[in-house]
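One structure below.
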Amino acid sequence: MKISKKCRYGLRALIDLSANSVNEYIVLGNIAERNNISPQYLEQVFADLRRAGIVKGIKGAQGGYRLNIAPDELTVAAILEALDGNYHIDKEDESDNTHGHSIAVSIQELVIDRINAELDRTLQNVTLEDLRKHYLSHKEFEQDMYYI
C-alpha cells in the first residue's frame with residue numbers, strides 16, 4: 001500500500017491550516033508556499049476536501065479556507081477517503097480453480113483482511129488534532145535548536 005502524493009499533500013496542508021488558523025480563513029497560496037506545494041495542485045486537493053465538507057472556502061480579497069470540522073473530530077481515515085476514496089488493499093482475486101479459490105481465501109482472510117483491519121484501527125484513531133500537536137511540538141523543538 002502506498003499513500004498517494006495527493007493524500008500526503010492534503011494531510012500537510014490540513015496540518016498547516018489547523019496550526020495557523022483559529023476559525024480564520026487562510027489563503028491557499030500561503031499554505032502552498034510554506035509547504036513547497038504547487039498552488040494549482042493544492043487547489044485541486046482543496047476542491048476534493050471542500051466537496052467532502054472538510055474545509056470551507058470563501059472567494060475574494062478576504063477569502064481563503066478554514067476547517068469545517070473540528071481537528072479533534074477529523075480522522076486521517078476521513079481525509080484519505082475524501083481525497084482518494086477507499087484506502088484499503090483490494091480484495092484477493094479469486095479464480096474458479098478449486099485450489100486457487102482456497103489459496104485466495106487464505107490470503108484474503110489471513111493477510112489482506114488483517115492489514116485492512118490494522119489500517120482502520122490506526123487511521124480512524126489518529127485525528128488532525130493529533131497531527132497538529134505533534135507538528136507543533138517538533139516545530140518548537142526545531143526553533144530552540146541552534147548551531148555553532
Side-chain angles (χ1 to χ4, degrees), residues 1-59 63-96 99-145:
M1 184 194 146
K2 185 175 180 181
I3 296 178
S4 71
K5 185 176 276 192
K6 182 179 185 180
C7 287
R8 290 174 189 268
Y9 284 175
L11 286 168
R12 279 190 204 174
L14 288 173
I15 294 167
D16 184 290
L17 183 64
S18 69
N20 290 299
S21 75
V22 180
N23 291 329
E24 302 172 3
Y25 287 88
I26 303 293
V27 177
L28 198 59
N30 293 345
I31 296 171
E33 185 177 321
R34 282 192 294 266
N35 293 281
N36 198 27
I37 302 170
S38 159
Q40 295 81 8
Y41 189 75
L42 202 54
E43 185 64 50
Q44 294 172 15
V45 171
F46 269 66
D48 288 341
L49 294 171
R50 192 174 51 244
R51 276 191 289 278
I54 292 174
V55 297
K56 181 177 181 177
I58 292 184
K59 295 180 181 180
Y65 288 91
R66 72 171 177 83
L67 290 173
N68 202 33
I69 299 173
D72 62 340
E73 296 176 10
L74 183 57
T75 66
V76 172
I79 296 166
L80 297 183
E81 286 174 352
L83 294 173
D84 267 352
N86 188 355
Y87 55 80
H88 288 132
I89 296 174
D90 293 336
K91 290 183 74 76
E92 179 67 15
D93 185 24
E94 298 178 22
S95 66
D96 292 333
H99 294 292
H101 177 73
S102 298
I103 290 171
V105 169
S106 297
I107 293 169
Q108 181 66 43
E109 292 177 357
L110 295 178
V111 179
I112 296 172
D113 288 349
R114 288 181 181 183
I115 291 170
N116 285 336
E118 286 300 313
L119 280 171
D120 285 339
R121 187 182 65 75
T122 300
L123 299 177
Q124 291 173 3
N125 286 303
V126 177
T127 66
L128 182 58
E129 181 65 10
D130 298 327
L131 293 170
R132 183 188 75 81
K133 285 179 180 177
H134 192 267
Y135 160 69
L136 291 175
S137 72
H138 282 75
K139 182 179 175 186
E140 289 174 14
F141 177 74
E142 288 174 1
Q143 289 175 349
D144 292 340
M145 301 270 310

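What's counted below: heavy atoms across the whole structure, side chains too, no hydrogens, waters or symmetry copies.
What you find for Ile89 and Asn116 is that their closest heavy atoms are N-OD1, 2.8 Å. Minimum heavy-atom separation, Leu42 to Ala13: CD1-CB, 3.7 Å. Smallest separation of non-hydrogen atoms from Gln124 and Ala77: CG-CB, 3.7 Å.
Around the NE2 atom of His134, the shell of radius 6.0 Å holds no more than 12 heavy atoms that belong to other residues, nucleotides or ligands. Residue Glu33 places its CD atom among 12 or fewer non-hydrogen atoms of other residues, nucleotides or ligands, all under 6.0 Å distant.
When only modelled atom types and interatomic distance are considered, Tyr87 and Asp120 share a side-chain donor-acceptor pair under 3.5 Å. Under 3.5 Å, the side chains of Ser38 and Gln40 contain a donor-acceptor pair of N or O atoms. A donor atom on one side chain and an acceptor atom on the other are found under 3.5 Å apart for Gln108 and Asp113.
Under the 6.0 Å cut-off for aromatic ring centres, Tyr25 and Tyr65 do not qualify, their centroids lying 6.0 Å or more apart.
Lys56 contributes atom NZ, which lies 5.5 Å from atom CD1 of Ile58 (distance to the nearest 0.5 angstrom). Atom CG of Leu110 and atom CD1 of Ile107 lie 9.5 Å apart (nearest 0.5 Å). Rounding to the nearest 0.5 Å places CG of Leu74 at 5.0 Å from CD1 of Ile69. Note that CG of Leu123 and CD of Glu81 are 9.0 Å apart. Values are rounded to the nearest 0.5 Å. Residue Arg34 holds its CZ atom at 4.0 Å from CG of Asp16, rounded to the nearest 0.5 Å. Interatomic distance, CG of Asn20 versus CD1 of Ile15, reported as 11.5 Å (0.5 Å rounding).
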Begin with the C-alpha distance, continue with both residues' side-chain angles, and end with the deciding distance and a verdict on side chain to side chain donor-acceptor pair (under 3.5 Å) for Asp84 and Ser4. CA-CA 8 Å; Asp84 267 352; Ser4 71; 2.4 Å; yes
Show your reasoning for whether side-chain contact (heavy atoms from CB on, under 4.5 Å) applies to Leu128 and Leu67. CA-CA 10 Å; Leu128 182 58; Leu67 290 173; 3.8 Å; yes
Test log, rule side-chain contact (heavy atoms from CB on, under 4.5 Å), inputs Val76 and Asn125: CA-CA 8 Å; Val76 172; Asn125 286 303; over 6 Å; no
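Counting only heavy atoms from C-beta outward, the side chains of Leu28 and Pro39 never approach each other to under 4.5 Å. Between Asn68 and Val55, the closest side-chain pair of non-hydrogen atoms is not below 4.5 Å.
Of the possible donor and acceptor atoms, none in the side chain of Arg50 sits under 3.5 Å from a partner among the backbone N and O of Gly57. In terms of modelled atom types and a separation under 3.5 Å, the side chain of Asp72 and the main chain of Thr127 share no donor-acceptor contact. Between the side chain of Ser21 and the main chain of Ser18, no donor-acceptor pair closer than 3.5 Å is present.
The one candidate from Ile37, Asn36, Ile31 that meets the side chain to side chain contact (heavy atoms under 4.5 Å, CB included) condition with Tyr9 is Ile37. Here the rule is side chain to side chain contact (heavy atoms under 4.5 Å, CB included) with Cys7, and of Ile79, Val45, Leu83 only Leu83 fits it.
Using a 4.0 Å cut-off between a side-chain N of Lys or Arg and a carboxylate O of Asp or Glu, Asp48 and Lys6 qualify as a salt bridge.
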